[in-house]
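What follows is a set of notes on a single structure, which appears directly below.
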Amino acid sequence: MKARLYYERSMHALTSSLAMFTQRLPFIKNICPLLGSPLSLKVTTPMAVSFVSTHSLSGQTIVIEPEDDTFTNPTEAQLNEEFSWSFTTNRYNMRDVSFEGLPEGLSIEIGTGIDFGFSKIVGTPTESGVFDVTLVAWRFANLGGQSTAPYSLTINVAGPADPFAEWREENWNGAELDDPAISGPNADPDNDGLENLLEFVLDLDPKERSQMPGEFVVDPDDDSMFRYEIPLRADAEELNIGFQENSTLDPAQWTDVSEAGIIRTESNIVLSIPRAPGRKFYRLRVTL
Ligand SMILES: [Ca+2]
Ligand SMILES: [Ca+2]
């Protein structure tokens with residue numbers, strides 16, 4: 001009778017989640033050697049059959065796998081760009097997936113119809129960083145029936161490209177690259193009065209003395225206006241670039257020129273101001 005009781009207990013485990021079942025397996029194994037009588041042996045046979053049906057006797061567990069080699073782990077994603085990572089299970093077809101650790105903007109799509117058995121992490125990540133995602137696939141809807149072992153996926157969501165950082169690496173290396181006094185945005189190692197960030201935006205050489213580019217002229221199309229046109233690097237587009245004005249050169253008096261006075265294209269920035277009497281100073285301002 002004792003043996004029968006154990007058998008019922010193991011049946012109970014089979015209807016529970018796999019995690020629960022595998023935890024019970026060592027317990028059952030330990031009991032089996034104690035079942036020495038012919039009566040006990042009769043009972044151990046169906047127990048063994050039951051275990052095989054869930055792959056636990058052979059030590060196999062039901063696991064999540066990437067759909068194919070194109071879905072790697074770890075995997076790369078780009079901030080604000082569409083992402084998709086497809087996965088399946090090595091045994092039964094999943095009907096539900098539980099998860100944690102997904103970056104904002106991504107969600108799980110359970111495959112149906114011709115995609116039955118395949119699910120995806122899809123969406124557009126809106127936060128960057130390294131995310132350790134845990135997935136568990138379930139045999140039935142509403143997280144029902146057996147489940148797979150937890151699967152860990154690392155998603156590396158890269159932030160926007162940083163053209164200034166790349167430019168810095170093109171111009172310096174080693175200790176100089178690590179030294180903000182040489183390669184930092186506010187440094188001026190060639191002493192031409194143009195800090196590195198300006199040298200980058202204006203496409204100049206940060207190691208040779210450079211002239212401030214651009215011409216300050218009466219607008220050829222409208223002689224009531226001054227026009228100051230400065231060529232810019234195309235990949236400086238994302239930077240905040242504008243003009244400031246000041247009547248006195250008092251450092252506290254610089255104010256932004258209104259957007260109406262600035263024309264910005266991919267390849268240049270143009271200051272357009274009325275030819276008014278009096279004195280005024282202008283400067284180009286760039287912020288990272
Ligand atoms: Ca410089
Ligand atoms: Ca220079």
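Everything numeric here is computed off the predicted structure, so don't read it as measured data. Whatever order the structure lists ligands and atoms in, that order sets their numbers, starting from 1. Computed from heavy atoms alone, side chains included, the values below leave out hydrogens, waters and symmetry copies.
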Of all the N, O or S atoms in Asp205, the one nearest to the Ca ion (ligand 2) is O
Restricting Glu208 to its N/O/S atoms, the closest one to the Ca ion (ligand 2) is O
Name of the [X] atom (N/O/S only) found closest to the Ca ion (ligand 1):
X: Asp192; answer: OD1
X: Asp190; answer: OD1
X: Asp188; answer: OD1
X: Glu199; answer: OE2

Query raised in the report: After noting the C-alpha distance and the side-chain angles of Phe243 and Tyr282, does the key distance pass the ring-ring contact (aromatic ring centres under 6.0 Å, His included) rule?
Result: CA-CA 7 Å; Phe243 286 99; Tyr282 290 89; 7.4 Å; no
Problem - Heavy-atom check, side chain of Leu106 versus side chain of Val133, under 4.5 Å - result: no
- Might you confirm whether atom CD of Glu82 has over 12 heavy atoms from other residues, nucleotides or ligands at distances under 6.0 Å? no
Checklist entry - Within Leu194, is some N, O or S atom less than 3.0 Å away from the Ca ion (ligand 1)? => result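 An N, O or S atom of Leu194 is closer than 3.0 Å to the Ca ion (ligand 1), so yes.
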- If you measure from the Lys or Arg side-chain nitrogens to the Asp or Glu carboxylate oxygens, is any gap between Arg209 and Asp192 under 4.0 Å?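 So Arg209 does not pair with Asp192 through a salt bridge.
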Can you tell me how the ring of Phe71 sits relative to the ring of Trp85, calling it parallel under 30°, perpendicular over 60° and tilted otherwise?
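Rings of Phe71 and Trp85: perpendicular, as their planes differ by over 60°.
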Report task. Taking the six-membered ring of Phe226 (Phe, Tyr or Trp), confirm whether the NZ or CZ of Arg275 is under 6.0 Å from its centre and within 45° of its axis. Result ->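 Yes, a cation-pi geometry holds between Arg275 and Phe226.
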